[in-house]
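To find a chain, count down the sequence lines: A is the first, B the second, and so on, and within it residues start at 1.
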There are 2 protein chains.
Amino acid sequence: MSSKVIIAIVSKRLKEDLKVLILNSAKKLFVEKGIEQTTIRNIADAIGCSIGTVYVYFKDKNAIFHALHTQGFIQLSSEFKVLLNVSNPMERLRAMGKVYINFALKNRDMYDLMFNLKAPMEFLNDEKLHEWNEGKATFDVLRSTVNECLAAGYFKGHELEPTAFMVWSMVHGMCSLEISNRSVGVNIQNPETIVTAAYEEFMKVMDKL
Amino acid sequence: MSSKVIIAIVSKRLKEDLKVLILNSAKKLFVEKGIEQTTIRNIADAIGCSIGTVYVYFKDKNAIFHALHTQGFIQLSSEFKVLLNVSNPMERLRAMGKVYINFALKNRDMYDLMFNLKAPMEFLNDEKLHEWNEGKATFDVLRSTVNECLAAGYFKGHELEPTAFMVWSMVHGMCSLEISNRSVGVNIQNPETIVTAAYEEFMKVMDKL
DNA sequence: TTTGAAAAATGAACAACGTTCATTTTATTT
DNA sequence: AAATAAAATGAACGTTGTTCATTTTTCAAA
């Protein structure tokens with residue numbers, strides 16, 4: 001009888017957490033082996049369930065990758081929390097870029113999923129949700145920081161949204177070129193430090209405004 | 001006899017051009033339907049040859065996409081030719097960015113292939129060619145333009161290569177965010193003009209240097 | 001405790017993919 | 001006309017994402 005109870009408890013626990021287990025399995029495979037090795041069969045095998053079970057909890061593969069991409073944004077916004085310690089908006093903007101770049105280069109596939117790959121966006125289209133809440137929230141942080149810079153007298157004569165998008169494009173572009181292996185093939189003298197150097201250059205430029 | 005000769009000539013022509021036919025077929029499918037609809041079977045069907053024949057002329061799918069990506073760079077460098085008319089280096093840099101952005105937004109999938117997708121780079125790795133000649137040549141144009149700007153007194157106190165990489169990252173980032181549908185989902189007031197507006201903002205910044 | 005309906009899990013089956021290679025067809029030379 | 005070389009072929013293999021009829025499990029009512 002007691003063993004039956006235990007089995008029931010374990011079984012209950014497994015049932016409730018199966019979606020989480022699938023997601024953890026997917027994330028582990030994704031981070032360790034990349035997106036092309038993260039197949040439904042590999043995910044199912046890793047937790048000892050069947051292929052069909054994965055489809056009980058996720059509509060399709062895009063749904064899984066969208067859930068992973070959301071986890072990535074949770075991690076990124078968690079790493080943004082250190083910015084609360086920086087009161088000066090210009091310094092905070094600089095630190096924000098560093099956190100962003102650091103996250104991108106330390107979590108290359110995850111960054112790719114969050115800001116490049118089509119899968120998460122295709123899931124949104126399927127669900128008729130035209131709201132990319134994760135991106136919206138993240139961009140809001142950037143926009144309000146740039147807004148504070150404007151209020152503090154920086155960026156005189158510049159528009160809020162174009163300037164914020166400019167900053168985002170800058171750091172995203174550097175990270176994207178690095179992750180897609182385009183910066184290494186281009187005959188730059190110090191390829192291993194070019195992202196940092198270019199970001200410092202950009203910050204020097206912004207300081208002059 | 002004369003018909004035999006004609007057949008021989010036609011046959012010869014077809015044989016010599018088969019690689020080109022395959023590539024044209026691939027490009028048409030790629031531009032019209034995107035990368036996921038460009039399958040070996042579709043390519044072969046479109047020109048009425050067999051699957052195996054494609055593999056006679058191309059090692060694998062990466063080889064085809066690398067060839068397409070090279071065609072993209074040929075087109076881009078062709079569009080860069082109008083820049084020869086612009087003598088002032090700063091004006092030329094500005095015009096270069098506009099040509100680049102225009103190319104990216106009018107050839108989205110091609111741009112993605114050239115600067116984001118892994119296929120062309122994987123082909124280089126397979127062939128032990130760590131030289132991305134197309135990217136190298138294109139970046140050389142940018143670097144020398146920035147160098148001329150420096151020589152003309154612009155960008156005082158800034159390093160050549162980090163500055164050039166900064167400019168590339170800027171325009172690439174904007175195009176990349178736009179093409180991957182990240183800019184539209186982020187709650188910007190004028191999403192349809194944000195790339196142009198941000199580029200104008202960036203040029204205003206560069207003018208101040 | 002037994003029963004039976006609802007919920008969950010299953011995995012064989014399907015279509016489509018990239019890739020290979022023994023075979024056939026075509027071209028060229030002898 | 002025959003022999004040789006080159007080119008083209010498509011059936012077959014191993015994967016992939018996805019579906020769905022079937023089986024198993026769950027759990028409240030009898």
Next item on the list: Could you tell me whether the side chain of A:M110 reaches within less than 4.5 Å of the side chain of A:K27, counting heavy atoms only?
Entry: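 Yes; the side chains approach each other to less than 4.5 Å.
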Check: Can you check whether A:Y154 reaches A:L209 side chain to side chain, under 4.5 Å on heavy atoms?
Finding: no
Length of the line joining [X]:[atom1] and [N]:[atom2], which is rounded to integer Å:
X	N	atom1	atom2	value
A:L21	C:dA9	CG	C1'	14 Å
B:D45	D:dG10	CG	P	11 Å
B:F58	D:dA8	CZ	P	13 Å
A:L18	D:dT26	CG	P	13 Å
B:D60	D:dG14	CG	P	20 Å
A:N62	D:dT16	CG	C1'	14 Å
A:I64	D:dT16	CD1	C1'	13 Å
A:K59	D:dT19	NZ	P	9 Å

Notebook entry, point to check: Where is the tightest heavy-atom contact between B:E148 and B:P89, given as atom of each residue plus distance?
Noted result: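 Looking at all heavy atoms of both residues, the closest pair is CB-CB, 3.7 Å.
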Note to self: Could you tell me if B:K19 sits above the aromatic ring of B:F58, with its cationic atom closer than 6.0 Å to the ring centre and no more than 45 degrees from the axis?
What the structure shows: yes
Notebook entry, point to check: Once the angle between the rings of A:H69 and A:H66 is folded into 0 to 90°, is it parallel (under 30°), tilted (30 to 60°) or perpendicular (over 60°)?
Noted result: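 Ring orientation, 0 to 90° scale: tilted.
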Side chain of [X] (C-beta onward), nearest among [options]:
X	options	result
B:T39	C:dG18, D:dA8, D:dT18	C:dG18
A:S50	D:dG17, C:dT19, C:dG11	C:dG11
A:V56	D:dT19, C:dT10, C:dT19	C:dT10
B:R41	D:dT18, C:dA9, C:dG18	C:dG18
B:I51	D:dA8, C:dT19, C:dT10	C:dT19
B:K61	D:dT18, C:dA8, C:dG18	C:dG18

Notebook entry, point to check: Any side-chain N or O of A:Y57 less than 4.0 Å from the OP1 or OP2 oxygen of C:dA9?
Noted result: yes
Next item on the list: Please test A:Y199 against A:Y100 for side-chain hydrogen bond (donor to acceptor under 3.5 Å, both in side chains), starting from the C-alpha separation and ending with a verdict.
Entry: CA-CA 11 Å; A:Y199 183 65; A:Y100 187 97; over 6 Å; no
Next item on the list: Take the C1' atoms of the five end pairs on each side of the helix from C:dT1-D:dA30 to C:dT30-D:dA1, get both axes, and report the angle to 10 degrees.
Entry: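 Roughly 30°, once rounded to the nearest ten degrees.
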Margin query: Give the residues of residues 24-37 of chain A touching DNA chain D, defined as any heavy atom closer than 4.0 Å, sorted by residue number.
Written below: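 The answer is none.
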Margin query: Could you walk me through whether B:E201 and B:K204 satisfy the salt bridge (Lys or Arg N to Asp or Glu O under 4.0 Å) test, starting with their C-alpha distance in whole Å, then the side-chain angles of each, then the deciding distance to 0.1 Å, before giving a yes or no?
Written below: CA-CA 5 Å; B:E201 210 72 59; B:K204 265 202 282 182; 3.3 Å; yes
Next item on the list: Start with the C-alpha gap between A:T193 and A:T196, add the side-chain angles, then the distance that decides, and say whether side-chain hydrogen bond (donor to acceptor under 3.5 Å, both in side chains) holds.
Entry: CA-CA 5 Å; A:T193 59; A:T196 307; over 6 Å; no
Check: Does the A:R92 side chain pair with the main chain of A:N85, one donor and one acceptor, at a distance under 3.5 Å?
Finding: no
Margin query: Is there a side-chain contact (heavy atoms from CB on, under 4.5 Å) between A:S176 and A:F115? Walk through the geometry before answering.
Written below: CA-CA 9 Å; A:S176 174; A:F115 294 103; over 6 Å; no
